[in-house]
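Read through the structure below, which is laid out as structure tokens, and then see the notes.
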Amino acid sequence: MSEAIIEKVDNAGVVRLTINRPKALNALNSDVLSALEKELAELEQHPSLRAVLITGAGEKSFVAGADIAEMRDKTPEQARAFAGQALRTIKRLETLPVPVVALVNGFCLGGGCELALACDWAVASDNAVFGQPEVLLGVIPGFGGTQRLPRRVGPAMALDLVTTGRKIDAHEALRIGLVNRVMPQAELEDYVAELTKQLMGNGPQSVRGAKQAVHDGMDQDLDSALALETSLFAFCFAGEEQTEGMSAFVEKRKANF
């Protein structure tokens, strides 16, 4: 039996997805995108989902990019369809209601960088390499890189990366705000364990509300965004989670969410 293209591990609602094509440096092809979209559709219905972690198999690559061998002979319409499939899948990842974290090891190029950009934040091992090198292949980023990258790092830095095709190491990625943390690869698993512990100690509905406030508020003017925050804040007081959290604080005990 062949190994799954997407491996899924569920640790009490913290789900880890691993893109499993290490011999191809986890490059994104149609099969990977289809398998990933299927997993994400199931996660949308997960009754107790708390967070999603996404990474690539092996130590060499998170995702080295889209599969060039598959793309090389596409017609313009076929290329449009392939980009549409990728955009639909990546949007599904981006709009999950829980925190989504990219664990970046090794190459994070092209479509891999675009996948990481759709996550709420990214943590990189110190061997990570980032870039949007599509212009070196005679194309432009097609999975959201020209739009999400300037929103993450600013238009000047985004234009630098997408028009030169240059690659940057993990520390430069941290400096420009592309990733949140950099650590030795051997420490990534310790980070995952600590992050899982942190997330499991928080109110799940309040975490979802916080993500919704940030994501939805970014597309609104400040007054409208503040009104959204107020509504979501007030909604917290309609359930048992707020009662338990504040009671635990007053009673000097750990909340049981």
Side-chain angles (χ1 to χ4, degrees), residues 8-18 36 39-55 90-104 115-125 148 151-154 173-174 177-183 187-257:
K8 179 168 67 176
V9 176
D10 188 340
N11 180 10
V14 177
V15 174
R16 183 168 178 163
L17 300 176
T18 302
L36 181 57
E39 293 291 352
L40 295 173
E42 292 177 3
L43 289 179
E44 290 170 353
Q45 306 303 317
H46 192 306
S48 55
L49 187 65
R50 306 290 287 269
V52 174
L53 314 176
I54 187 162
T55 192
I90 290 173
K91 184 67 174 179
R92 208 155 197 167
L93 179 71
E94 184 177 49
T95 55
L96 284 172
V98 298
V100 179
V101 183
L103 305 174
V104 180
L115 185 69
L117 285 166
C119 298
D120 294 309
W121 71 87
V123 177
S125 65
R148 289 191 178 92
R151 286 167 168 79
R152 182 71 61 90
V153 304
L174 177 66
L178 183 54
V179 302
N180 296 67
R181 294 176 181 82
V182 175
M183 62 190 66
E187 296 179 12
L188 267 179
E189 292 307 315
D190 290 338
Y191 169 80
V192 170
E194 180 59 31
L195 177 61
T196 298
K197 182 180 177 181
Q198 279 185 322
L199 292 170
M200 294 303 293
N202 297 334
Q205 294 305 317
S206 59
V207 170
R208 288 176 176 234
K211 174 170 177 172
Q212 182 184 349
V214 171
H215 275 257
D216 292 354
M218 288 290 290
D219 294 326
Q220 301 181 24
D221 63 83
L222 181 58
D223 287 342
S224 298
L226 291 171
L228 169 66
E229 180 187 81
T230 299
S231 295
L232 290 168
F233 172 73
F235 182 74
C236 292
F237 288 77
E240 297 178 356
E241 191 171 293
Q242 168 267 332
T243 302
E244 168 61 15
M246 292 189 175
S247 295
F249 179 84
V250 172
E251 297 164 12
K252 295 180 170 46
R253 59 177 176 82
K254 185 176 181 180
N256 181 26
F257 293 121

Revision key, fill the gap. Taking every heavy atom of Val15 against every heavy atom of Lys8, the minimum-distance pair comes out as CG1-CG, 3.6 Å
Check your understanding: If you round to the nearest 0.5 Å, how far is CG of Leu93 from CG of Leu17?
Key -> 8.0 Å
**Study point:** Residue pair Leu115 / Leu36, side-chain heavy-atom distance below 4.5 Å
**Key:** yes
Review point. Can you tell me how far the OG1 atom of Thr196 sits from the OH atom of Tyr191, to the nearest 0.5 Å?
Key: 9.0 Å
Point to revise | Among Val104, Leu96, Val100, the one residue meeting side chain to side chain contact (heavy atoms under 4.5 Å, CB included) with Cys119 | key: Val100
Check your understanding: Side chains of Arg253 and Ser247: closer than 4.5 Å at any heavy-atom pair?
Key -> yes
Revision key, fill the gap. When every non-hydrogen atom of Asp221 is compared with those of Asp223, the smallest separation belongs to OD1-N, 3.2 Å
Revision key, fill the gap. Smallest heavy-atom separation, Pro204 atom then Phe257 atom, equals CD-CB, 3.8 Å
Practice item. Please answer whether the main-chain N or O of Met200 pairs with a side-chain N or O of Arg50 as donor and acceptor at a distance below 3.5 Å. Key: yes
Practice item. Could you tell me whether a side-chain N or O of Glu244 sits under 3.5 Å from a main-chain N or O of Asn256, the two making a donor and an acceptor? Key: yes
Practice item. With sequence neighbours excluded, tell me which residues meet ring-ring contact (aromatic ring centres under 6.0 Å, His included) with Phe233. Key: Phe237
Review point. Could you state the interatomic distance from NZ (Lys197) to CG (Asn202), rounded to the nearest 0.5 Å?
Key: 12.5 Å
Practice item. Report the residues that fulfil salt bridge (charged side-chain N to carboxylate O under 4.0 Å, His left out) with Glu94, sequence neighbours left out, ordered by chain and then residue number. Key: Lys91, Arg148
Study note, to complete from the structure: Nearest heavy-atom contact between Leu232 and Gln212 is CD2-OE1, 3.7 Å
Check your understanding: Taking only residues two or more places apart in sequence or in another chain, which ones pass side-chain hydrogen bond (donor to acceptor under 3.5 Å, both in side chains) with Glu229?
Key -> none
Review point. For the residue pair Ala118 and Ile90, what are the closest heavy atoms and their distance?
Key: CB-CG2, 3.2 Å
Point to revise | Closest approach of Ala255 to Gly245 (non-hydrogen atoms, all atoms of both residues) | key: CB-CA, 4.2 Å
Exercise for review: Please answer whether the main-chain N or O of Leu103 pairs with a side-chain N or O of Thr55 as donor and acceptor at a distance below 3.5 Å.
Suggested key: yes
Review point. Between Val192 and Leu195, does a side-chain contact (heavy atoms from CB on, under 4.5 Å) hold up when you go through it step by step?
Key: CA-CA 5 Å; Val192 170; Leu195 177 61; 5.8 Å; no
Study note, to complete from the structure: Sorted by chain and number, sequence neighbours left out, side-chain hydrogen bond (donor to acceptor under 3.5 Å, both in side chains) with Asp120 holds for Lys211, His215
Review point. Can you tell me how far CD of Glu39 sits from CD1 of Ile54, rounded to the nearest 0.5 angstrom?
Key: 10.0 Å
Exercise for review: State which residues pass side-chain hydrogen bond (donor to acceptor under 3.5 Å, both in side chains) with Asn11; sequence neighbours excluded, sorted by chain then number.
Suggested key: none
Practice item. Keeping the roles fixed (side chain from Glu241, backbone from Gln205), state whether a donor-acceptor pair exists under 3.5 Å. Key: yes
Exercise for review: Could you go through the side-chain contact (heavy atoms from CB on, under 4.5 Å) check for Val98 and Val207 one step at a time?
Suggested key: CA-CA 7 Å; Val98 298; Val207 170; 5.8 Å; no
Exercise for review: Using a 4.5 Å cut-off on heavy atoms from C-beta on, say whether the side chain of Thr18 contacts that of Leu53.
Suggested key: no
Check your understanding: Does the side chain of Met183 come within less than 4.5 Å of Asp190's, by heavy atoms?
Key -> no
Review point. What residues, two or more places apart in sequence or in another chain, satisfy side-chain hydrogen bond (donor to acceptor under 3.5 Å, both in side chains) together with Glu187?
Key: none
